[in-house]
Visitor: 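To start, I am sharing the structure in question, which I have written as structure tokens.
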Amino acid sequence: MSYNFKEIEKKWQDKWYAEGTFNAKNDFTMKKWYGLIEFPYPSGQGLHVGHPRSYTALDIIARKRRMQGYNVLFPIGFDAFGLPAENYAIKNHIHPKITTEKNINHFREQLKSIGFSFDWSREINTTDPEYYKWTQWIFIQLYKHGLAYKATMPINFCTGCKVGLANEEVVNGVCERCGSPVVQKEKSQWMLRITKYAQRLIDDLDDVDYLDKIKAQQKNWIGRSEGAEVTFKIADSNETLTVYTTRPDTLFGATYMVVAPEHPIIDKLADKITNIDEIKEYKHQASLKSDFERSELNKEKTGCEIKGIKAINPLTNEEIPIWISDYVLITYGTGAIMAVPGHDTRDHEFAKKFKLPIVQVIKPVDEAIECDIDKEAFTDVETGILMNSGFLNDLPVVEAKKKVIEFLEDKHIGKKQVNYKLRDWVFSRQRYWGEPIPMVYCEKCGWVPVPEEELPLKLPDVEDYEPGENGESPLARHAEWLNTTCPHCGGKAKRETDTMPQWAGSSWYYLRYMDPHNDKALASKEALKYWSPVDWYNGGMEHTTLHLLYSRFWHKFLYDIGVVPTKEPYQKRTSHGMILGSNGEKMSKSKGNVVNPDDIVNEFGADAFRVYEMFMGPFDQTAPWSMESIRGCAKFLDRVWNLQNLLVDGETYSPKFEKAMHRAIKKVSSDIEEMKFNTAVSTFMTLVNDFYKEKTINKAEFKTFLQLLNPFAPHITEELWQTVFGGKEMLAYMKWPTYDEEKTIADEITLPIQFNGKLKATIMISLDENEESVKEKVHQAVEDKLENKTIVKEIYVKNKIYNIVMK
RNA sequence: GCCGAUGUGGCGGAAUUGGUAGACGCACUGGACUCAAAAUCCAGCGGGAAACCAUGUGGGUUCGAGUCCCACCAUCGGUACCA
């Protein structure tokens, strides 16, 4: 018989959320636990079945922590600024504020219908002026500390819509919406100096408990490399050309140089360049290409020799040619390289194409290794030995690097240098639906921050959100907003019309949860001290390099200026796998494989939904949705409900189930900590099967079972606890069951007997039975099979296995 | 190319970390209940008549390998001319 989940789940949800059952307590003397999930973007489509995977997982941990006596903070909010709401507004002429509010209401109902133990009294919304007041405040602090600056940067510009586009809106080099080509357009933008924190963002990963793959991906993204800067003289000139290289040891093999098209040396030496028109034409062609084209259409390298000037290799003193090519990027290193075609694949390709000399300066230490420098660059560092390199000859690569850097530093023509791939964060968006950047431009005083007492600087209510011509922000059209007075001199001034990117509000939201209604500070010192850091943060891998890195950066800055008490925001970071459609493809409207959480809750109930999401597969791996499997989980809960029909009295576990109970407590407890939810669920199922097999369960067993299952299926378990046991106190706050290690160990063991590692039989032995006795039993058991065999040796691994090696 | 993962029945997946491969669930088959169906309960369920064969492929280490080592293949995610 099925239980009435609709009625039961509603009943408990109403009680929990009306009474604030799961709200964090303001008792700062208790031990605390702060669990965080990525707050959703309230899209028009409503909740995706992917959201509850992460939410259920952390909800289970949060619920377990409450039972373990922690003061738990498990908050929820909405990351509500962003493009979809704005695009929807442009299309349908409904203010983003209205759609956002509507969507949030929908999300809130959906989230409540799944029974998450969120503290709804702390709900936040990034578009609330009382919230973004502090987002703006942080920006001003960044500006005051020299970490926010204006720079002219190329942006993606759609030639059709005449708007600036975010990178995510550029698909294969064309505009996602209209399909017109996207070009790069120079625009003055606010930038945040995240690069200043690059090294600390790497180093401090040592102090946090993130999954290794998350650490690896962040390190990769920051992209630290060690090498040297080397300065080359330009022949017959006072100019020099500085390059960055990770292989200074190959300097003797540098046979030419290459500069990026945007490199300033071309303008500086324009008079000397004999083919300046050709070079200008190359520069022009390169500027027409988008970043996308420069990287995607790179099958064939292009380039052009800069005639009339030569560089001098500081070690060989030979004059070498200088080329221009767009495979060298102005944004990395010095925008110029020394080319060592013998030992760099790209330089080799370029040298081959333009018939430039290739010199070998490294050979493999093992002569047996094939190495034909004319065919292919030899790039192996581990096995390399220097040759044709004067004072570096015969040194291994690692030694040669050290020695050459010493030499360069001694002669003041180079130095050790560390570089990062990480670039500063482009913080401006020419969009309406975002936090206004609280800056004012005054002809006399330059950029001046809005005084802090005037925050929040509210986003004005406008009717037209269309981006302006040439990629101007829609706010630029609103004179009333635009024109203001300079907070510094009182003269006429104009406001910044760009808004902040989607990432701004989410970079510090976990701090606001600690004290969400504070109007004096982003949170009180006491709350920050008590709740920091977030103990466990779960989210998607797709946020590893942007959101996670950005918020670590902001947090470190806030730490530096004494606002927050910890160096890192999140002590532990884990990630969940994506949920795919039943056909194994990503869920999308066009593929028609989208599953709506509301339908699942209606048909199977919230508890079944939660149990299924945890049971479907390993938590950190992608998993396809299956309607059949969720039915199995609903059936399991029916069986749990009907256990009450088998119930007998009993103050303690019956001998029949004692071991099973202790083992289940142990297994479920550790599985939750390790996020092995799928095997925890199978433990529950096995246990239920055992109760059915024996057609009995006593009260002690049932009580423990309900407690263990409560974090996974909170509604049905509370209901059974109340109706069957007459429990007054809520299960959710009862002490988490404990187990006795000794009682998890079996005293009888099935011992496998192998012949040459292959299973032949099993026997029962008692735990730690002496070897003589085991041997006797084994031989008795396989006597007949031993005829005509010569035993070579016998291996007994205590309580594990008995293997007979024979001929 | 580089970085990270993954590969086990018809399907989703287990496997105490080197010790009985296939727990648990789905699907399927049979039985009970029912006038009947659904639901429920019980039983079976990798292949093979068996010896045996089976954890992407080929080697290796070991008394013993899904698990460790070497060389590959395939799929997915991230990143990409980063010098």
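Below, read A as the first sequence line, B as the second, and so on, with proteins coming before strands; counting in each chain starts at 1.
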Visitor: Would you mind telling me which residue lines up with the more 5' stretch of RNA chain B, Gln217(A) or Lys213(A), judged by nearest nucleotide?
Guide: Lys213(A)
Visitor: With a 6.0 Å cut-off (strictly less than), is the heavy-atom count around CD of Glu748(A), excluding the residue itself, greater than 12?
Guide: yes
Visitor: Would you say that His779(A) contacts Tyr802(A) through its side chain, given a criterion of any heavy-atom pair below 4.5 Å between the two side chains?
Guide: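 Answer yes - side chains close enough.
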Visitor: Tell me if G12(B) is syn or anti. Syn = glycosidic torsion within 90° of 0, anti otherwise.
Guide: anti
Visitor: Tell me the interatomic distance from Trp323(A), atom CH2, to A83(B), atom C1', rounded to whole angstroms.
Guide: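 Trp323(A) atom CH2 is separated from A83(B) atom C1' by 18 Å.
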Visitor: Take Glu628(A) and Lys635(A), measure what salt bridge (Lys or Arg N to Asp or Glu O under 4.0 Å) needs, and give me the verdict at the end.
Guide: CA-CA 11 Å; Glu628(A) 288 72 40; Lys635(A) 191 167 122 184; over 6 Å; no
Visitor: Which of the following nucleotides, U79(B), C3(B), C42(B), is nearest to the side chain of Tyr692(A)?
Guide: C42(B)
Visitor: Heavy-atom count check: over 12 atoms from other residues, nucleotides or ligands less than 6.0 Å from Glu673(A) CD?
Guide: yes
Visitor: Begin with the C-alpha distance, continue with both residues' side-chain angles, and end with the deciding distance and a verdict on side chain to side chain donor-acceptor pair (under 3.5 Å) for Thr231(A) and Thr242(A).
Guide: CA-CA 4 Å; Thr231(A) 301; Thr242(A) 300; 3.1 Å; yes
Visitor: For C81(B) and C2(B), measure between their C1' atoms and round to the nearest Å.
Guide: 13 Å
Visitor: Could you write nucleotides 13-27 of chain B as a row of B, S and -, 5' to 3', where a protein heavy atom under 4.0 Å of any base atom gives B, of only sugar-phosphate atoms gives S, and otherwise -?
Guide: SSS---BB--BBSS-
Visitor: Ignoring hydrogens and angles, state whether a donor on the side chain of Tyr739(A) or Ser669(A) is under 3.5 Å from an acceptor on the partner side chain.
Guide: no
Visitor: Looking only at atom C1', what distance separates C73(B) and G22(B), rounded to whole Å?
Guide: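 Rounded to whole Å, the distance is 25 Å.
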Visitor: Does NZ in Lys353(A) sit with more than 12 non-hydrogen atoms of other residues, nucleotides or ligands closer than 6.0 Å?
Guide: yes
Visitor: Output the rounded distance in Å from CG (Asp638(A)) to C1' (C41(B)).
Guide: 14 Å
Visitor: Provide, to the nearest angstrom, the distance between the CG atom belonging to Leu422(A) and the C1' atom belonging to U79(B).
Guide: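 Atom CG in Leu422(A) sits about 14 Å away from atom C1' in U79(B).
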Visitor: Determine the Euclidean distance between corresponding C1' atoms of C24(B) and U61(B); express it in Å to zero decimal places.
Guide: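 My reading of the C1' atoms in U61(B) and C24(B) gives 34 Å.
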Visitor: Let me know the distance between CZ of Arg423(A) and C1' of A80(B), rounded to the nearest Å.
Guide: 11 Å
Visitor: What is the separation between atom CG on Asp212(A) and atom C1' on C3(B), rounded to the nearest whole Å?
Guide: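 Between C1' of C3(B) and CG of Asp212(A): 13 Å.
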Visitor: Counting only side-chain N and O atoms of Tyr327(A), is one of them less than 4.0 Å from OP1 or OP2 of A83(B)?
Guide: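 Indeed not, no polar side-chain atom of Tyr327(A) lies that close.
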Visitor: Roughly how many Å is it from CD in Glu226(A) to C1' in A83(B), rounded to a whole number?
Guide: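 To the nearest whole Å, that distance equals 15 Å.
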Visitor: Hey, are the side chains of Ile266(A) and Tyr282(A) touching, using non-hydrogen atoms and a 4.5 Å cut-off?
Guide: no
Visitor: Give the stems involving RNA chain B, where a stem is 3 or more consecutive Watson-Crick or G-U wobble pairs (i with j, i+1 with j-1, and so on) under 3.5 Å.
Guide: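 Counting only runs of 3 or more consecutive pairs, the stems involving RNA chain B are B:1-7 with B:73-79, B:10-12 with B:24-26, B:28-32 with B:40-44, B:56-60 with B:68-72.
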Visitor: Any N or O donor-acceptor pair linking the side chain of Lys301(A) to the base of C81(B) at under 3.5 Å?
Guide: yes
Visitor: Please check if atom NZ in Lys196(A) has more than 12 non-hydrogen atoms from other residues, nucleotides or ligands closer than 6.0 Å.
Guide: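 No - once you tally the heavy atoms of other residues, nucleotides and ligands closer than 6.0 Å, there are 12 at most.
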Visitor: Can you tell me how far C1' of A5(B) sits from CE of Met578(A), to the nearest Å?
Guide: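 Those two atoms, CE and C1', are 13 Å apart.
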Visitor: Write out a two-atom table: protein N or O, nucleotide N or O from nucleotides 46-49 of chain B, distance below 3.5 Å.
Guide:
none

Visitor: Distances under 3.5 Å only, N/O to N/O: pair up the protein atoms with those of nucleotides 51-53 of chain B.
Guide:
from: C52(B); atom 1: OP1; to: Lys760(A); atom 2: NZ; distance (Å): 2.9
from: C53(B); atom 1: OP2; to: Lys758(A); atom 2: NZ; distance (Å): 3.4

Visitor: Quickly work out the Ile579(A) CD1 to G12(B) C1' distance and round it to whole Å.
Guide: 13 Å
Visitor: Have a look at U55(B) and give me syn or anti from its glycosidic angle (syn if within 90° of zero).
Guide: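 Base orientation relative to the sugar is anti.
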Visitor: With side chains defined as the heavy atoms from C-beta onward, is the minimum distance between Tyr3(A) and Asp607(A) less than 4.5 Å?
Guide: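 Sidechains of Asp607(A) and Tyr3(A): in contact.
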Visitor: Looking at Lys416(A), I want to see if its NZ is surrounded by more than 12 non-hydrogen atoms of other residues, nucleotides or ligands under 6.0 Å.
Guide: no
Visitor: Can you check whether Phe354(A) and Tyr256(A) have ring centres sitting under 6.0 Å from each other?
Guide: no
Visitor: Is it the case that atom CG in Asp206(A) sees more than 12 heavy atoms from other parts of the structure closer than 6.0 Å?
Guide: yes
Visitor: Say we look at A21(B) and C26(B): how far apart would their P atoms be, to the nearest angstrom?
Guide: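 My reading of the P atoms in A21(B) and C26(B) gives 26 Å.
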Visitor: I'd like to know if Glu226(A) and Lys402(A) make a salt bridge, using a cut-off of under 4.0 Å between side-chain N and carboxylate O.
Guide: no
Visitor: Determine the interatomic distance between P on G13(B) and the same-named atom on G7(B); round to the nearest Å.
Guide: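 These two P atoms come out 9 Å apart once rounded.
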Visitor: Donor-acceptor pairs under 3.5 angstrom involving side-chain atoms of residues 674-681 of chain A: please list them, not counting sequence neighbours.
Guide:
from: Thr679(A); atom 1: OG1; to: Asp671(A); atom 2: OD2; distance (Å): 2.8
from: Thr679(A); atom 1: OG1; to: Lys676(A); atom 2: O; distance (Å): 3.0

Visitor: Thr622(A): what forms a side-chain hydrogen bond (donor to acceptor under 3.5 Å, both in side chains) with it, not counting sequence neighbours?
Guide: none
Visitor: Say we look at U62(B) and G56(B): how far apart would their C1' atoms be, to the nearest angstrom?
Guide: 23 Å
Visitor: Rounded to whole angstrom, note down the P distance from A14(B) over to C70(B).
Guide: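 Between the two P atoms, the distance is 25 Å.
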Visitor: For the P atoms, the ones on G47(B) and on U29(B), what distance do you get once it is rounded to whole angstrom?
Guide: 15 Å
